[in-house]
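Report on the following structure.
Since the structure is predicted, the reported quantities are computational estimates derived from the model, not experimental observations. By convention in this document, chain letters (A, B, ...) are assigned in the order of the sequence lines, proteins followed by strands, and residues within each chain are numbered from 1.
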2 protein chains.
Amino acid sequence: MQSNLPHLQSTFTTDCVIFGFQGGELKVLLIERNEYPFKGWWALPGFFVEHSETIDDAVERILYEHTGLRGIYMEQLYTFGDLKRHPQGRIITVAYYALLRLDDLESQPVPVTDYARQAVWHPLNNLPELGFDHGHIIDKAIQKVRRKISYSPIAFELLPEKFTLTQLQQLYEAIWGRKLDKRNFRKKMLNYNILKELSEFQRGVSYRAARLYKLDKRKYAKVFQNELTFSR
Amino acid sequence: MQSNLPHLQSTFTTDCVIFGFQGGELKVLLIERNEYPFKGWWALPGFFVEHSETIDDAVERILYEHTGLRGIYMEQLYTFGDLKRHPQGRIITVAYYALLRLDDLESQPVPVTDYARQAVWHPLNNLPELGFDHGHIIDKAIQKVRRKISYSPIAFELLPEKFTLTQLQQLYEAIWGRKLDKRNFRKKMLNYNILKELSEFQRGVSYRAARLYKLDKRKYAKVFQNELTFSR
DNA sequence: ATTTAATAGTGTAACAAATACACACTATAT
DNA sequence: ATATAGTGTGTATTTGTTACACTATTAAAT
């Protein structure tokens, strides 16, 4: 903010907590690092932000490098700048979180970068030890998502296009870590009038097939502006 | 996040949206810049973060330099990193907001830094044109505060220790930009049980003096953890 | 053909919270 | 004494939240 300072190279990173939902469980995509520091450790996907890209662009790039997908829902989370968080000196990281439809992935993601040896989905409730302050970043991310699904329909970013109400409920339960009443959940959710009831049903299950729903995009957009109040 | 990179000086700034409440109005402390770029323009207080301080420390320092106060409530807001936001190249800024009891200030604040010629409280609804992307940062800050007073008792950070219910209501009205019903407001606020009714009353008013209240710190702390739901 | 297992799908009563709404009271200034 | 300006209070209505249990449907196993 001051003048007469040298034109310095920016040195900050971005790290991204990528959430997915599968088998009734929330998962986080972690990489095994192939570079020092923390070589061989698990960590969040993330890298230095290039000089010519915005932070959002850098995150989109990182998401693409690790998942092969573009246009993933993402939001800035917090900027971490403790003096000791990076062994090479104080390097701040602008952390993001992203929400991903796991069924959009064709297979286990293969990162196309050098700094990651592999990328693996880990259940949120059973994470390995992480390098840097990445454990802390994930904590903050889940807290944010927990709050945000109460007033914003971001949960749908984690579900396939067509989903059952039970899947939606299980997702809320996974994020909040608490069981919900089926009848009350359905009543409330259908009352928002943001779901379109399809005439399609689940297939390949050995019990009564559930009806599929999808978002009504127009109403969804309105709700995104106005805010929901979804609690308990 | 990668190794074998030179140990570079960090070059990022922090800017702080300092809110105050006076005369039923929300105000923002702006400085008149005494340095290029944007010399002579109004802008947010903010500066480069030193290499040896955390971001929080830098913000506390900046708050102290401009208000003479320590221990002000503050929270990180967002990190802005557009390529064009700073004329000297891409310098990101980690923006914070702070809430200040204006009656704690003895007089108009005098900044002790070189880069500010003066610091002046401006009504939020009538701001001058600002340098950098600072207008945008203020927008984002007020949105955040607007949401946050719905679930967290941060409003009290803007009021004197002893306040009337009408002052509290006017503060909510100023932040939300909407009139509230007096009876409903009082019922709801008193129901949270976080206020202590004093036997003191307002003085020096030419009409019926209002009762003073203050926070019950113990109950306040609990509510801070558990969250309120204060809407409408 | 019948049974079993697994999950889908549905309604109501009780309670709590939010809203809408109007008038009497009190301190001071003149 | 009276005008002024803001304080302080209650209730009925509507809306939202909670608690709670059984029947329906399908595929698989027998």
Side-chain angles (χ1 to χ4, degrees), chain A residues 21-25 149-151 153 159-160 162-174 176 178-214 223 226-232, chain B residues 21-25 149-151 153 159-160 162-174 176 178-214 223 226-232:
Chain A
F21 180 63
Q22 205 170 43
E25 251 189 345
I149 59 164
S150 303
Y151 63 86
L159 291 178
K162 300 173 182 180
F163 51 84
T164 70
L165 291 179
T166 300
Q167 285 174 322
L168 184 57
Q169 180 177 343
Q170 283 170 347
L171 175 50
Y172 272 87
E173 288 175 341
W176 281 338
R178 143 153 61 89
K179 286 282 170 198
L180 302 173
D181 179 86
K182 183 160 62 159
R183 281 170 294 187
N184 293 340
F185 180 85
R186 284 163 183 244
K187 199 190 330 172
K188 197 163 181 179
M189 194 50 81
L190 292 173
N191 260 354
Y192 289 131
N193 251 353
I194 59 173
L195 299 185
K196 196 180 281 175
E197 180 181 296
L198 303 178
S199 37
E200 269 180 273
F201 290 81
Q202 241 179 346
R203 306 206 56 183
V205 288
S206 74
Y207 44 78
R208 177 172 174 184
R211 182 182 290 277
L212 293 172
Y213 290 80
K214 64 180 189 183
V223 169
N226 294 336
E227 296 192 7
L228 295 169
T229 310
F230 198 95
S231 53
R232 221 103 317 174
Chain B
F21 181 63
Q22 205 170 43
E25 251 188 344
I149 59 164
S150 303
Y151 64 85
L159 291 177
K162 300 172 182 180
F163 51 84
T164 69
L165 290 180
T166 299
Q167 285 174 323
L168 183 57
Q169 181 178 342
Q170 283 170 346
L171 176 51
Y172 274 87
E173 288 175 341
W176 281 337
R178 143 153 59 92
K179 286 282 169 198
L180 302 173
D181 180 87
K182 182 156 66 158
R183 282 168 294 187
N184 294 340
F185 180 86
R186 284 164 183 243
K187 199 190 329 173
K188 197 162 181 179
M189 194 49 80
L190 293 173
N191 260 354
Y192 289 131
N193 251 353
I194 59 174
L195 299 185
K196 197 181 282 177
E197 179 180 297
L198 303 179
S199 39
E200 268 180 272
F201 291 80
Q202 240 180 348
R203 307 206 55 185
V205 289
S206 75
Y207 43 79
R208 178 172 175 185
R211 183 182 289 278
L212 295 172
Y213 289 80
K214 63 179 191 183
V223 170
N226 294 337
E227 298 192 7
L228 295 169
T229 308
F230 197 93
S231 52
R232 219 89 339 159

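- Atom OH of B:Tyr192 and atom C1' of C:dA18 are 11 Å apart (whole Å).
- Distance CG (B:Leu165) to C1' (D:dT9): 12 Å, rounded to an integer number of Å.
- Axis deviation across the helix from C:dA1-D:dT30 to C:dT30-D:dA1 amounts to 0°, comparing end segments of five pairs, rounded to 10 degrees.
- Each of B:Tyr172, B:Tyr192, B:Trp176 was scored for a ring-ring contact (aromatic ring centres under 6.0 Å, His included) with B:Phe185, with one residue passing: B:Tyr172.
- Of all non-hydrogen atoms in A:Arg186 and A:Leu165, the two that sit nearest each other are CG-CD1, 3.9 Å.
- Here the P atom of nucleotide C:dA6 and the CD atom of A:Gln202 are 16 Å apart, to the nearest Å.
- With rounding to whole Å, A:Gln169 atom CD is found 13 Å from C:dT7 atom P.
- With hydrogens and angles ignored, a donor-acceptor pair closer than 3.5 Å exists between the side chain of A:Lys187 and the base of C:dT12.
- Contact detail for A:Glu173 and A:Leu180: the closest heavy-atom pair is OE2-N, 2.8 Å.
- The line from CZ of A:Arg211 to CD of A:Glu197 is 4.0 Å long, rounded to the nearest 0.5 Å.
- Rounded to whole Å, the distance from CZ on A:Arg183 to P on C:dA13 is 13 Å.
- Residue contacts shown for B:Asn191 are absent, as no nucleic acid heavy atom lies under 4.0 Å away.
- B:Gln169 CD to B:Leu171 CG: the interatomic distance, rounded to the nearest 0.5 Å, is 10.5 Å.
- The shortest heavy-atom contact between A:Phe201 and A:Ala209 is CD2-O, 3.7 Å.
- A donor and an acceptor atom never sit less than 3.5 Å apart when one is taken from the side chain of A:Lys188 and the other from the base of D:dG16.
- Across B:Tyr207 and B:Gln202, no two heavy atoms sit closer than the pair CE1-OE1, 4.3 Å.
- The minimum heavy-atom distance between A:Leu195 and A:Tyr213, with the atom names listed, is CB-CD2, 4.2 Å.
- Contact check for B:Thr166 versus B:Gln170: side-chain heavy atoms found under the 4.5 Å cut-off.
- The CG-P distance, from A:Leu190 to C:dG11, rounds to 12 Å in whole Å.
- Atom-to-atom, CD of B:Gln167 to C1' of D:dG6 comes out at 13 Å; the value is rounded to the nearest Å.
- When rounded to the nearest whole Å, the span between CZ of A:Arg178 and C1' of D:dT18 equals 13 Å.
- A:Arg186 comes within contact range of at least one nucleobase, with a heavy-atom separation under 4.0 Å.
- A donor-acceptor contact under 3.5 Å links the side chain of A:Asn184 to the base of D:dA19.
- Where B:Thr164 and B:Asp181 meet DNA chain D, the nucleotide closest to each residue was compared, and B:Thr164 sits on the side nearer the 5' end.
- At a threshold of 4.0 angstrom between heavy atoms, the contacts of B:Thr166 are confined to the sugar-phosphate backbone, with no base atom among them.
- A:Glu200 and A:Lys162 get closest at one heavy-atom pair: OE1-NZ, 2.6 Å.
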Which atoms of nucleotides 24-29 of chain C (N or O only) lie under 3.5 Å from a protein N or O atom, and what are those distances?
from	atom 1	to	atom 2	distance (Å)
C:dC25	O2	B:Arg208	NH1	3.1

